[in-house]
Amino acid sequence: MGDPAGQSLLELRGIDKRFDAVAALSDVRFSLRAGEIHALMGQNGAGKSTLIKVLTGVLDADAGEIRLGGRAIRPASPLDAQKLGISTVYQEVNLCPNLSVAENIFAGRYPRCGAMQGWRIDWTAVHRRSSELLARLGLNIDVAQLLSSCSVAVQQMIAIARALNVEARVLILDEPTSSLDDDEVQKLFAAMRRLRGEGMAIVFVTHFLNQMYAVSDRVTVLRNGRWVGEWACAELGPQALISVMLGREFAVHDQGAAPLPPSVADAPALLEAEGLGQSGRLHPVDLRLRAGEIVGLAGLLGAGRTELARLLFGLEAADRGRLCIDGEVVKFSSPGDAIAHGLGLCPEDRKTDGIVAELTLRENIALALQAQRGVWRFLSRAEQAALADRFVMALGIQTAGIETPIGLLSGGNQQKAMIARWLAVAPRLLILDEPTRGIDVAAKQEIMDELLRLAETGMAVLFISSEMSEVVRVSHRIAVLRDRRKVGELPGGSSEDTIYALIAAEHEHG
Ligand SMILES: Nc1ncnc2c1ncn2[C@@H]1O[C@H](COP(=O)(O)OP(=O)(O)OP(=O)(O)O)[C@@H](O)[C@H]1O
Ligand SMILES: [Mg+2]
């Protein structure tokens with residue numbers, strides 16, 4: 001599948017990369033043209049991030065060659081790659097929370113000014129250029145604010161702005177949209193198309209098929225560390241794409257949550273929030289969940305979904321309203337209290353709130369159950385191993401073994417481990433904040449099916465996802481939030497359009 005001579009800006013051939021027993025890449029090739037958006041697709045653990053790390057000098061390939069503009073290159077570090085014009089935004093945003101937005105965009109390469117040029121940083125220029133870069137992505141925010149005060153989504157855009165802030169010829173985006181809502185995805189796509197028009201070569205890694213089709217020109221598919229093929233997107237339909245990724249046929253089924261049995265629908269509430277809120281963060285919310293019920297929380301980014309989850313779980317203290325569990329008023333002053341009452345929360349940001357990178361997969365999965373048991377009742381290593389083995393099987397976590405440090409797993413497999421951690425506790429009510437972020441199509445479906453099964457056994461689920469189609473598919477009932485306030489509830493099976501209409505209606509009035 002060669003390129004006509006001279007068309008390729010970047011060529012990778014025969015790339016091999018092993019990690020001990022794991023062959024992450026075997027004889028992989030990849031070709032990229034200037035002025036194209038090229039999707040790199042494959043299941044969790046297929047080798048996408050590893051290929052990108054080889055290309056950007058994070059990892060040294062065991063074999064193979066990389067040519068940029070016809071010249072053999074071998075980036076020895078990300079900085080080296082950047083100097084060659086290859087810029088990257090990694091799957092796990094790697095910024096400094098305690099620096100300002102502008103500092104994050106410019107860290108390590110500040111413009112200098114004045115008579116003292118050479119050692120005085122030109123802050124006016126830093127701020128102006130940061131604002132311009134973000135505006136190019138359609139984002140207008142105060143660049144002097146701390147990064148930590150920005151949402152995960154905004155942080156993602158800042159990471160992209162940082163990548164643009166060099167003379168990049170190749171821009172690599174590893175799952176850049178996994179934490180963005182529809183609106184922001186559109187803005188990012190607009191920015192990508194503009195950059196493509198300027199001749200930038202863009203590599204786009206994503207698990208969202210619709211997004212891939214919306215913006216990409218060509219697609220390369222990897223499976224189990226091997227190159228499967230390269231196609232023009234227009235020539236490979238979604239079903240065909242899924243089959244080449246999986247190496248087998250796969251049908252996406254759309255059957256949603258079955259209607260609640262009347263016994264569940266009439267049951268008393270397991271959790272009931274009445275006017276629960278926190279000044280400045282969340283207007284008072286009423287919400288009720290029964291055992292066996294899956295309630296979806298829909299809303300755009302910043303609608304207050306995560307804030308509500310954090311209040312319910314005792315990560316933030318409510319300063320108004322009340323919370324009842326089994327009809328008794330409770331006050332959670334820490335997540336420990338919530339866990340003791342049978343709640344679990346799988347958080348949105350697995351990097352800062354979730355995984356403990358140095359611990360093994362086994363330890364990470366056992367963490368919440370151990371916390372629930374308290375220090376006096378240690379889970380033995382054998383108990384932890386049994387637990388980990390069970391969920392590696394149930395969720396199809398791809399790993400060399402349960403003793404592997406979790407940081408070495410692929411992004412999607414880390415995310416599965418986070419879900420496993422909370423399923424292991426068997427909470428009465430599980431709150432899942434963006435649980436399928438970074439998870440491939442097939443695994444997503446498996447996780448949704450697992451949730452439906454667990455609900456049938458009586459677990460209540462509060463399901464938060466920016467992917468409206470998922471919320472619709474899995475929920476018995478959908479609570480819609482906008483601007484940090486609940487604006488209504490819809491029955492399960494409502495269409496995505498109905499939800500968007502509810503959000504939009506509030507826009508007009510509000
Ligand atoms: N530093 C490492 N040490 C050991 N194994 C690794 C390391 N980095 C990656 N791997 C393994 O290499 C394989 C490919 O991982 P990679 O992160 O490239 O997958 P991916 O396609 O990006 O998946 P995802 O969609 O989940 O992000 C996986 O089996 C992973 O566990
Ligand atoms: Mg990856």
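In listed order, ligands and their atoms are each counted from 1. Note that these values count all heavy atoms, side chains included, but never hydrogens, waters or copies made by symmetry. Since the model is a prediction, treat every value here as computed from it, not as a measurement.
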Problem set entry | Location of contacts on His207 toward ligand 1, heavy atoms closer than 4.0 Å | side chain
For this session: Consider every N or O of Gly45 and every N or O of ligand 1, then say whether any pair is closer than 3.5 Å.
Result: yes
Seminar exercise, completed: Within 4.0 Å of some non-hydrogen atom of Gly412, the atoms of ligand 1 are 24 (P), 26 (O), 27 (O)
For this session: May I ask whether Gly47 places a heavy atom under 4.0 Å from ligand 1?
Result: yes
For this session: Report, as yes or no, whether the 6.0 Å neighbourhood of atom CZ on Arg74 holds more than 12 heavy atoms from other residues, nucleotides or ligands.
Result: no
Problem set entry | Exceeds 12 heavy-atom contacts within 6.0 angstrom, atom CG of Asp20 | no
For this session: Within a distance under 4.0 Å of any heavy atom of Asn44, pick out the atoms of ligand 1 and give their elements.
Result: 23 (O), 24 (P), 25 (O), 26 (O)
Exercise. Numbering the atoms of ligand 1 from 1, which are under 4.0 Å from a heavy atom of Glu175?
Worked result: 25 (O), 27 (O)
Exercise. Counting only N and O atoms by type, is there a donor-acceptor contact under 3.5 Å from the side chain of Arg223 to the main-chain atoms of Val244?
Worked result: yes
Exercise. If you measure from each heavy atom of Gln43 to ligand 1, is any distance below 4.0 Å?
Worked result: yes
Exercise. Is Ser49 close enough that one of its N/O/S atoms sits under 2.8 Å from the Mg ion (ligand 2)?
Worked result: yes
For this session: Ignoring hydrogens and angles, tell me if any N or O in the side chain of Arg193 forms a donor-acceptor pair with the backbone of Val215 under 3.5 Å.
Result: no
For this session: Check whether any side-chain N or O of Glu103 sits under 3.5 Å from a backbone N or O of Ser100 as a donor-acceptor pair, and report yes or no.
Result: yes
For this session: Could you name each residue pair satisfying ring-ring contact (aromatic ring centres under 6.0 Å, His included) that touches residues 43-88, not counting sequence neighbours?
Result: none
Exercise. Heavy-atom contact under 4.0 Å between Gln415 and ligand 1?
Worked result: no
For this session: Consider every N or O of Leu409 and every N or O of ligand 1, then say whether any pair is closer than 3.5 Å.
Result: no
For this session: Would you confirm whether Gln370, through its side chain, and Leu379, through its main-chain N or O, come within 3.5 Å as a donor-acceptor pair?
Result: yes
For this session: Between Thr50, Val205, Leu51, flag the one that comes closest to atom 16 (P) of ligand 1 by a heavy atom.
Result: Thr50
Exercise. So between Lys53, Lys48, Gln414, whose heavy atom ends up nearest atom 25 (O) of ligand 1?
Worked result: Lys48
For this session: Answer yes or no: does atom CZ of Arg196 have more than 12 heavy-atom neighbours from other residues, nucleotides or ligands under 6.0 Å?
Result: yes
